[in-house]
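Below: one structure, written as structure tokens.
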Amino acid sequence: MYIRSDRQKGLSYVKLGRKYHIDPRTAKRYAESPQKPEYTLSEPKPTKMDPYKQIMDEWLEEAPYSALRILEKLREMGFEGGYSIVKAYVSSRKMDLNEKATVRFETMPGKQGQMDWGFFEDHLVYEDGKWKKLYYFLMILGYSRMRDNFMVGIKCNSLADLNGQAMVWCNTVNGKVHATTSEIPFEQLKKEGLNPLSREYIIDKINLRRVQKDCLISYAGNQYSVPAEYIGKDVAVVALDSMLAAYYEGKQIALHRISYQRKDMVVNPQHYRRLTLKQTMDAENVLLEQGKVIDFPLKPSDLSRYDEALYE
């Protein structure tokens, strides 16, 4: 209405644009429009984060991960975006989650615990003659509520000093009444019925690998086989001592000796049994019977004796 009025008073579209901080063409459209224009929001532009938003929402529903910890987890999945875009999204989601009405979660003794692994962004420790990032392991038992915030305002001289302070702090807070349960964690801990670990647990970064059409996955410059039925799927790879294990949905599907050569191929003939040659009829791949593939890397020959003979 104001733009049409000014236009009737003789103002040009350029002057209208300057006055109302809009493009002259927009000013012309407003001036000539018989009614107020209506606008609809266009589709948001796609971002690198779009494929990861669902899993990020699931993580944030589980625990209040920091934006940096979320970024670390995304990097493991192949995310190539920057920290700022992750931080902005995490901040907006946390605001939404904080506004939701929450129902107190209860669990039976010894049945559940929440664990996180990360590092303190604003803290370093001096160890072995150099400054190092400070990593932490956090676990809170769902029933007794053992452990809580510790690093707020803390100061330390060394990693051993910090660990000592952490133990003293845990003993202190777990002897007090918990604000949520109105119980003392140490007293509730007696009902958890926890047992010592009875087996070894592998704690390692999960390496995901896509299985190629030749049943091979790549790891540290070499290739290893997995059963043919996993072609095109993503499998988790864990290296432990001299062995390489591949897992799919928690099930171990392949186990190989690690090759320390380069561009080596380590395969198990049994992984190819389901592959057939599609001609006039299905025929088993007889190439597997010729001993051309092995389930362990060949050790390089020791040529030192030949060197000795050469110089005698």
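Quantities reported herein were computed from a predicted structural model and do not represent experimental measurements.
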For V266 and L244: C-alpha separation, side-chain torsions, deciding distance, then whether side-chain contact (heavy atoms from CB on, under 4.5 Å) applies. CA-CA 11 Å; V266 185; L244 184 78; over 6 Å; no
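- Between I55 and Y52, the closest heavy-atom pair is CG2-O, 3.0 Å.
- Here CD1 of I231 is found 8.0 Å from CG of D214. Values are rounded to the nearest 0.5 Å.
- Inter-residue side-chain proximity for R29 and R25 is flagged as unmet; no heavy-atom pair is nearer than 4.5 Å.
- With a 4.5 Å cut-off on side-chain heavy atoms, K87 and V90 do not count as touching.
- Atom-to-atom distance recorded for L162:CG and W169:CH2 is 12.0 Å, nearest 0.5 angstrom.
- The neighbour count for R18 CZ, taken as heavy atoms of other residues, nucleotides or ligands under 6.0 Å away, does not exceed 12.
- When all heavy atoms of Y260 and S242 are compared, the closest pair comes out as OH-CA, 4.0 Å.
- Across all non-hydrogen atoms, the minimal contact from Y247 to A245 is CE1-CB, 3.6 Å.
- For the pair G81 and L71, the tightest heavy-atom approach, listed with the atom from each and the gap, is O-CD1, 4.3 Å.
- Between H256 and H271, the angle of the ring planes goes over 60°, which puts this pair in the perpendicular group of the 30/60° scheme.
- Between the side chain of E32 and the backbone N or O of Y30, no donor-acceptor pair lies under 3.5 Å.
- Of the inter-residue distances, the one linking E80 atom CD with R75 atom CZ reads 8.5 Å to the nearest 0.5 angstrom.
- Using a 4.5 Å cut-off on side-chain heavy atoms (C-beta onward), Y230 and I217 make no contact.
- Every residue two or more places apart in sequence or in another chain that forms a side-chain contact (heavy atoms from CB on, under 4.5 Å) with D6 is listed here: K9, L11, L16, K19, Y20.
- Cation-pi geometry between R7 and Y13 is satisfied (NZ or CZ under 6.0 Å from the ring centre, within 45° of the ring normal).
- Within 6.0 Å of atom NZ in K53, more than 12 heavy atoms from other residues, nucleotides or ligands are found, so the atom counts as buried in its surroundings.
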Q | Verdict with supporting geometry, D57 and Q54, side-chain contact (heavy atoms from CB on, under 4.5 Å) | A | CA-CA 5 Å; D57 291 344; Q54 181 176 352; 5.6 Å; no
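- Side-chain contact between M49 and M56 is present, with heavy atoms from C-beta onward closer than 4.5 Å.
- Going from atom NZ of K263 over to atom OG of S218 covers 12.0 Å, rounded to the nearest 0.5 Å.
- Annotation for A254 and P227: closest pair CB-CD, 4.5 Å, computed over non-hydrogen atoms.
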Under the criterion salt bridge (Lys or Arg N to Asp or Glu O under 4.0 Å), I'd like the reasoning laid out for R69 against E72: C-alpha separation, chi angles, the key distance, then a yes or no. CA-CA 5 Å; R69 179 62 182 130; E72 290 177 349; 3.2 Å; yes
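- Note that the CG atom of N222 and the CE atom of M265 stand 10.0 Å from one another [nearest 0.5 Å].
- Sorted by first and then second residue, the salt bridge (Lys or Arg N to Asp or Glu O under 4.0 Å) pairs involving residues 132-142 (not counting sequence neighbours) are D128-K132.
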TODO: Please test L159 against L134 for side-chain contact (heavy atoms from CB on, under 4.5 Å), starting from the C-alpha separation and ending with a verdict.
DONE: CA-CA 8 Å; L159 182 59; L134 183 59; 3.9 Å; yes
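- Salt-bridge annotation for K73 and E76: absent, with no side-chain N of the basic residue lying under 4.0 Å from a carboxylate O of the acidic one.
- In terms of hydrophobic clustering, with Ile, Leu, Val, Met, Phe, Trp and Tyr side chains grouped at heavy-atom distances under 4.5 Å, V168 and F186 are assigned to different clusters.
- Contact between Y224 and S259 at its shortest, heavy atoms only, is OH-N, 3.0 Å.
- Taken from CG in N268 to CG in L255, the straight-line distance is 10.0 Å, to the nearest 0.5 Å.
- Side-chain contact between W59 and L74 is present, with at least one heavy-atom pair separated by less than 4.5 Å.
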Run the side-chain contact (heavy atoms from CB on, under 4.5 Å) check on Y248 and V226 step by step: do they pass?
-> CA-CA 10 Å; Y248 182 74; V226 299; over 6 Å; no
